[in-house]
Peer 1: 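Structure incoming, see below.
Computed from heavy atoms alone, side chains included, the values below leave out hydrogens, waters and symmetry copies. All residue numbers in this chain count up from 1 along the given sequence.
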Amino acid sequence: MLYHTSNFIKFSTWRTFSSYCGIAPFEYSSGSSIRRRKQSHYIGDRKMKTLLSMAAVSAIQSDQELKKYYHRKLEEGKHKMIALNNVRNKILARSFAVIKRGTPFVNIAAVNY
């Protein structure tokens with residue numbers, strides 16, 4: 001991720017990087033009569049998309065917060081790949097937030113008060 005973002009300088013937000021990777025959902029419509037579900041654009045950095053997919057699958061298995069998030073999306077009726085795409089975007093949002101803030105990631109669910 002450091003290479004593709006040029007040490008987080010090339011992209012200002014995680015949403016622009018998500019679009020670069022091809023995992024940002026775009027609305028598909030043709031005029032006013034044809035509406036389809038939102039889908040990711042086929043043009044994108046496939047290597048980064050693959051790495052984020054593997055990271056998302058691993059995170060669903062090991063991170064309890066992302067596991068709950070993934071299952072909550074499935075219970076809402078989302079397709080499995082859309083829920084996985086949501087996890088990918090959440091990973092990007094977390095990583096950009098940690099870099100921009102300059103503080104380490106704190107897992108709030110694991111912190112005991």
Peer 1: Return the set of residues passing salt bridge (charged side-chain N to carboxylate O under 4.0 Å, His left out) with E75 (not counting sequence neighbours), or none when no residue passes.
Peer 2: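 Testing E75 for salt bridge (charged side-chain N to carboxylate O under 4.0 Å, His left out), a comparison that skips the adjacent residues, returns none.
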Peer 1: Would you say the side chain of I23 lies within less than 4.5 Å of the side chain of M48, judging by non-hydrogen atoms?
Peer 2: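 A side-chain contact under 4.5 Å is absent here.
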Peer 1: For T5, check side chain to side chain donor-acceptor pair (under 3.5 Å) against everything at least two apart and list the hits.
Peer 2: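 In terms of side chain to side chain donor-acceptor pair (under 3.5 Å), with neighbours along the sequence ignored, T5 is linked to no residue.
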Peer 1: Should side-chain heavy atoms under 4.5 Å link Ile, Leu, Val, Met, Phe, Trp and Tyr, which residues sit in the same cluster as I9?
Peer 2: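 Result for I9 is none, singleton.
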Peer 1: Check side chain to side chain donor-acceptor pair (under 3.5 Å) between N86 and all other residues, then give those that pass, not counting sequence neighbours.
Peer 2: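 Partners of N86 by the side chain to side chain donor-acceptor pair (under 3.5 Å) criterion come out as none, since no residue qualifies.
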Peer 1: Looking at residues at least two apart in the chain, or sitting in another chain, which of them share a ring-ring contact (aromatic ring centres under 6.0 Å, His included) with F11?
Peer 2: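 Applying ring-ring contact (aromatic ring centres under 6.0 Å, His included) to F11 gives F17, Y20.
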Peer 1: So, using side chain to side chain donor-acceptor pair (under 3.5 Å) as the criterion, who are the partners of H79 when residues are at least two apart?
Peer 2: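 Partners of H79 under the side chain to side chain donor-acceptor pair (under 3.5 Å) test: none.
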Peer 1: Taking all non-hydrogen atoms of both residues, which atom of A83 and which atom of L74 are closest, and how far apart?
Peer 2: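 Heavy atoms of A83 and L74 come nearest at CB-CD2, 4.0 Å.
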Peer 1: Which pairs count as side chain to side chain donor-acceptor pair (under 3.5 Å) when at least one residue sits in residues 50-64, sequence neighbours excluded?
Peer 2: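 Checked against side chain to side chain donor-acceptor pair (under 3.5 Å) - neighbours excluded - the pairs reaching residues 50-64 are S53-R88, D63-R94.
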Peer 1: Do you know the tightest heavy-atom contact between A56 and L84?
Peer 2: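 Scanning both residues, the minimum pair turns out to be CB-CD1, 3.7 Å.
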Peer 1: Would you please name every residue forming a side-chain contact (heavy atoms from CB on, under 4.5 Å) with I99, sequence neighbours left out?
Peer 2: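 With sequence neighbours excluded, I99 shows a side-chain contact (heavy atoms from CB on, under 4.5 Å) to F8, given in chain and number order.
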Peer 1: I'd like to check the side-chain contact (heavy atoms from CB on, under 4.5 Å) partners of T13; sequence neighbours left out, ordered by chain and number.
Peer 2: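 Per chain and number, T13 pairs via side-chain contact (heavy atoms from CB on, under 4.5 Å) with R15, T16.
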Peer 1: How would you list, by chain and number, every residue that makes a salt bridge (charged side-chain N to carboxylate O under 4.0 Å, His left out) with K73, sequence neighbours excluded?
Peer 2: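 E76.
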Peer 1: Determine the minimum heavy-atom distance between S12 and K100, stating which atoms define it.
Peer 2: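 Closest heavy-atom pair between S12 and K100: O-CE, 3.6 Å.
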Peer 1: Rest of the hydrophobic cluster containing Y3 (Ile/Leu/Val/Met/Phe/Trp/Tyr, side-chain heavy atoms under 4.5 Å)?
Peer 2: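 Hydrophobic cluster check, Y3: no partners found.
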Peer 1: Where do L66 and A59 come nearest, in terms of heavy atoms and distance?
Peer 2: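 The pair with the smallest heavy-atom distance is CD1-CB, 3.5 Å.
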Peer 1: Would you indicate whether the side-chain heavy atoms of P104 and V98 approach each other to under 4.5 Å?
Peer 2: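 Not in contact.
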